[in-house]
Structures are given as structure tokens and as C-alpha cells.
Amino acid sequence: MANPAWDESYGWRVGAMTLLEALLLIGTGSLWFVALMMMDRPLLAGLNLAVAAFGASQLVLLLRGRLRLATILAVHLVPLAIAASCLFDNPPLGVPKATVLYFLPMAAGCYFAFQRDEHYLRIVLPASYLVAFVAFSLLPLAISDPALLIPPEAAPVAAWVNTLSALVALVFIFVPMHADPTDRRSLEYDLRRAIAGGEFHLYYQPQVDRGGRVLGAEALLRWRHPRRGEVPPDQFIPLAEETGQIVPIGDWVLRAACAQLAKWNTQPQTAHLTLSVNISVAQFLQPDFVRDVMNIVMWSGCDVSQLKMELTESMLTANAPDMGARMQALCDIGLAWALDDLGTGYSSLQSLSRFPFAQIKLDQSFVRGLPADESSLRIVEAMISLADTLSLMSVAEGVETEEQFRCLVEAGCQVFQGYLFGRPMDIDRFDALITSAPDAPAGSADGGDASPER
Ligand code: C2E
Ligand code: CA
Ligand code: CA
């Protein structure tokens, strides 16, 4: 599944790895240059100076944001420098060859850096470094002229330094690849603790009628992570779904939403409000889903006729033979179902009429094109007339401009949700919006969350 968070984190990791590699090249290259000049080995010293200069050029590329170019150059030129250094690594008997060890971090680094690339970069290059490692370790591929080699008395020190530097290079590769702050495993671990830690909270986005009066809200989950700050739902809900964590999280959302509805019920200004919650497929398919919902509703004391559950269109294709029966069981106690993101999945019109939906939500991708985009307009009109035919309420999502709103009103849409009427906001702001002007149209000045537009 394409996830921008992983891509961002992956780029960050490759960047950190390349930066550390550049610093290591500069450090070791310049130290060896000085040491070899003092040992009167100008050829070897020159080679190390070239390595340090290459490290510096990598740093410049990184500072200019040319990460891709820096990594491509590194995986082609550094192994050549290692191979050249191996030719000079012909230590006296009893001292191991150590320069060859640099091929190992090269292979690991190349494999990690190009995990999403073609075969050549991901497999062929790292494999060729391993072949070079074996060849230079076992075959007599070295210059034998003592005047060009490190003096025998300095060879043990060189072996130590090279072994340790190769080890440091390996650490520089594995640490960024596995200890990054947006790492999936640590996110998953944190997710498990988030409910107990009280890190979840709900935001409320107003849903308004044609006159702009607030009818209710959609509850949207937010995760306030102690270190990462606000983690948007797009980043953790797919993970929660994959790991099954969505079940306890969805349970928490439902409890919080029902508690809020019950609270609104005690105030005349908010008693009429409805609240929609999003339900994930894994949550819906839990064997005890219907019973659990009934229990939560009952214990909360809310009026279930003010609770709506949103299922996405893609769920209609989920293999759930008793899906209709489950939905109906909850309809029977007064709960209403909405079909979310209509137009983004592949459900047939027939499947729409098979399930007891009360609302359809037009996906924001169609609303975005209004009023100029002719095909969006036709699709929106068709969906609204379909909703009319099936006696369903139509809700438009992602309404951002007056023109879109007018166009949707003309097309016959009944309920509207979007930044034009209010961004998702915390409960204090939402209550203030309602109580300050209960009958006045909701304005766009709400100060809700500033999540980037999607
Ligand atoms: P969704 O159910 O389609 O929710 C609507 C999303 O559109 C929200 O994103 C909302 O902030 C955003 N939005 C609303 N109006 C506008 C607008 O005018 N313009 C634009 N560009 N965007 C608008 P959000 O809050 O980031 O939620 C993303 C998704 O995460 C939701 O999409 C829903 O699928 C999922 N999600 C959120 N809360 C829950 C939850 O409690 N349970 C489950 N299972 N999923 C949730
Ligand atoms: Ca929704
Ligand atoms: Ca939606």
C-alpha cells in the first residue's frame, strides 16, 4: 500500500545514511592522507585525499538536496576506491587484510538505499561488492612492491583502523535504517499504548443543511503522540487496520462519540445534533460487533437515532455474507448507516440498494472539480438523483468554496461538509460554534485543525 509516511521516512533514512557515509569518507580519507604523507607514501596518500574530496562533494550534493545523485555516485565510485585500496593492502604475514571489509557496508548500504529501485541497483550492485569482497579476500590481488605499500611496522595499526572504520560504517547503515522516528514498528508499538495513554481524541467537523445550519458532525480521530505531535489519521489508521489495532481503537471512538452525544442531549442548544463515526472493515467484521455496539450505546445513554455509522464503498465488496443482516440489526435499534466516499470504489448500484443505507456521501474528489469540471458535475448530479431514487439523503464532502456549495444545492444535495463550513475542530471549538449562534449559518472562521489539504 502506498503510504506517504513510509516514503517520507524512507527518504529521511537514506539521507541520514548518505550523510553519515560522507562524514566517514571525509574523516578517514583525510586522516589517512596525513598519516600516509608522514610515512612517505604519496600514491596511497593521494588516493585517500581523493576519497576525502569525494566525501566533501557528497556533502555538497546533500546540502543542495541532490540525494539521489549523491547515492548513485557513491555506489559507483566508492567501491572503485575500495578496490584500488585493496590492491595496496598486502600486509606482512600474520596481519589480516582489512581494507576489503569496506565492501560489506557498501553492499548493505546499496541494498537499503535502493530497496525500491530496479534490479541493477538493488541486487546486481550489492552482489558484485560481495563478489569483490570474496575475490580480494582470497585471491592474491595486490601490489607487491614494498615501496608503494604501508610500512610493515604500521600494517597492524592500519588493519585495526580499517576494521573498526568498516564496523562504524555498518553501524551508520543499520542505525538509520532501523531506528528512525517514524519507523513502522515503533509506531505500531506506540499505537498499542495510545488508548491507555489517553492520546486519542476526537475532532468534530460540522455538517450543515442548505441554509448553512449545523445538523451535526462527523467525528474524526486524532492521535496526539507525546513525541511525534499530532499524527494524522491517514498515517496511523492503515497501520491500525493492518495490525488489528483498529478494533480497540474503533471501540474507543464509538464510546467517545456516544458519550458526546449523550452530553449534547442534556443541553437544549445541542440536543438535536447528530454524530457520524467511521467504521473500519475489520471492526465491522468482528463476530460481536452488533452486540458490542448495542452495549456501548446502551451504557452511554445516548439517543441512538442521532448516531450514524459510515462505511466506505470498498467495504461493500468485503466478503461478509451477513453484512446486510448486521446493518439491519443496528437499523432496528434506530441507528443510521452512511455510505462514505461514494464513487471511489467499484460497488454496483445493485449492491447499494441491497444494504440498508440512509445516506450517501459524495467523495470530495468529485466536489473538488465543481462547478467548472463538466464530468464531475455530471457524476455528482447522477449520484444525487440515484440517492433520490433510493430515498437516501445525499451528503457532499470537501465543500470548500461558495461556488461548489451553490452548485451542489442546485443539483439537489441536502447536507454539506467541508472547510467552507468548518474544519475538523476540538469539542470546545465545536460547542462554541453551536452555542454562539445556534440558528445562524456555520461560518468558515472556526480555527480548526490546519491539516494539509488532501
Ligand atoms: P473521511 O472519512 O473521508 O473523512 C473526511 C476527511 O476529509 C477528513 O480527513 C477531513 O478532515 C477531510 N476534509 C473535510 N473537509 C474537507 C475539505 O473541505 N477539503 C479537504 N481537502 N479535506 C476535507 P481526516 O480527518 O484527515 O481523516 C482522514 C480519514 O481517516 C477519514 O476520511 C477516515 O477514512 C479516516 N478516519 C478518521 N477518523 C476515523 C475513525 O475514527 N475511524 C476510522 N476507521 N477511520 C477514521
Ligand atoms: Ca467519513
Ligand atoms: Ca469520506
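Only a predicted model underlies this, so the values are computations on that prediction, with no experimental measurement involved. In listed order, ligands and their atoms are each counted from 1. Heavy-atom basis, side chains included; hydrogens, waters and symmetry copies ignored.
Glu374 pairs by the salt bridge (Lys or Arg N to Asp or Glu O under 4.0 Å) definition with Arg378, not counting sequence neighbours. When the salt bridge (Lys or Arg N to Asp or Glu O under 4.0 Å) test is applied to Glu403, the partners found at least two apart in sequence or on another chain are Arg406. Here Trp337 pairs with nothing under the side chain to side chain donor-acceptor pair (under 3.5 Å) rule; sequence neighbours left out.
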The test is side-chain contact (heavy atoms from CB on, under 4.5 Å); show your working for Gln306 and Leu273 and say whether it passes.
CA-CA 7 Å; Gln306 289 167 302; Leu273 295 174; 5.7 Å; no

Exercise. Apply ring-ring contact (aromatic ring centres under 6.0 Å, His included) to the pair Tyr203 and Phe430, showing each step before the final yes or no.
Key: CA-CA 9 Å; Tyr203 264 28; Phe430 187 81; over 10 Å; no

Is there a side-chain contact (heavy atoms from CB on, under 4.5 Å) between Val60 and Arg64 once you walk through the steps?
CA-CA 6 Å; Val60 173; Arg64 294 189 171 177; 4.1 Å; yes

Check: Given Leu59 and Leu23, is the side-chain contact (heavy atoms from CB on, under 4.5 Å) satisfied, shown in steps?
Finding: CA-CA 8 Å; Leu59 211 54; Leu23 295 176; 4.2 Å; yes

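Residue-ligand proximity, Val253 to ligand 1, at heavy-atom distances under 4.0 Å covers atoms 41 (O). Within the listing of ligand 1, atoms 15 (N), 18 (O) sit less than 4.0 angstrom from a heavy atom of Gly418. Short contacts between ligand 1 and Asp341, defined as distances under 4.0 Å to a heavy atom of the residue, involve ligand atoms 3 (O). Interface of Ser280 with ligand 1, defined as ligand atoms under 4.0 Å from a residue heavy atom, comprises 44 (N). Listed by number with element, the atoms of ligand 1 under 4.0 Å from a non-hydrogen atom of Val399 are 18 (O). Interface atoms of ligand 1 facing Glu400, defined by a heavy-atom separation under 4.0 Å, are 17 (C), 18 (O), 19 (N), 20 (C), 21 (N).
Side-chain contact between Leu104 and Leu130 is present, with heavy atoms from C-beta onward closer than 4.5 Å. Counting heavy atoms from C-beta outward, Leu390 and Phe357 have side chains that stay 4.5 Å or more apart.
By heavy-atom distance, the residue among Gln364, Glu310, Glu397, Arg222 lying nearest atom 13 (N) of ligand 1 is Gln364. Checking Leu221, Ile237, Asp234 against atom 46 (C) of ligand 1, the nearest heavy atom belongs to Ile237.
Not a single N or O atom of Gln283, backbone or side chain, sits closer than 3.5 Å to an N or O atom of ligand 1. Taking any N or O of Asn278, backbone or side chain, at least one lies under 3.5 Å from an N or O belonging to ligand 1. By the 3.5 Å distance cut-off applied to N or O atoms, Glu241 is not counted among the residues near ligand 1.
The shortest heavy-atom distance from Pro424 to ligand 1 is under 4.0 Å. Ligand 1 has no atom lying under 4.0 Å from any heavy atom of Pro232. For Glu218, the heavy-atom gap to ligand 1 drops under 4.0 angstrom.
Taking a cutoff of 4.0 Å between a charged side-chain nitrogen and a carboxylate oxygen, Glu230 and Arg224 qualify as a salt bridge.
Aromatic ring centres of Phe405 and Phe421: separated by under 6.0 Å.
Restricting Glu218 to its N/O/S atoms, the shortest distance to the Ca ion (ligand 2) is reached by OE2.
The CD atom of Gln364 sits 8.5 Å away from atom CD of Gln417, with the distance rounded to the nearest 0.5 Å. To the nearest 0.5 Å, the span separating CG on Asn295 from OG on Ser300 amounts to 10.5 Å.
Among the atoms of Ser276, none of the N, O or S atoms falls under 3.0 Å from the Ca ion (ligand 2).
The minimum heavy-atom distance linking Ile26 with Ala56 is given by the pair CG1-N, 3.5 Å.
Each of Asp303, Leu275, Ile434 was checked for a side-chain contact (heavy atoms from CB on, under 4.5 Å) with Trp264, and the lone residue meeting it is Leu275.
Protein N/O/S atoms closer than 3.0 Å to the Ca ion (ligand 3): Asp340 OD1, Asp341 OD1, Glu397 OE1, Glu397 OE2.
For Gln417, no heavy-atom contact with ligand 1 is shorter than 4.0 Å. Counting heavy atoms under 4.0 Å from ligand 1, residue Thr312 does not touch it at all.
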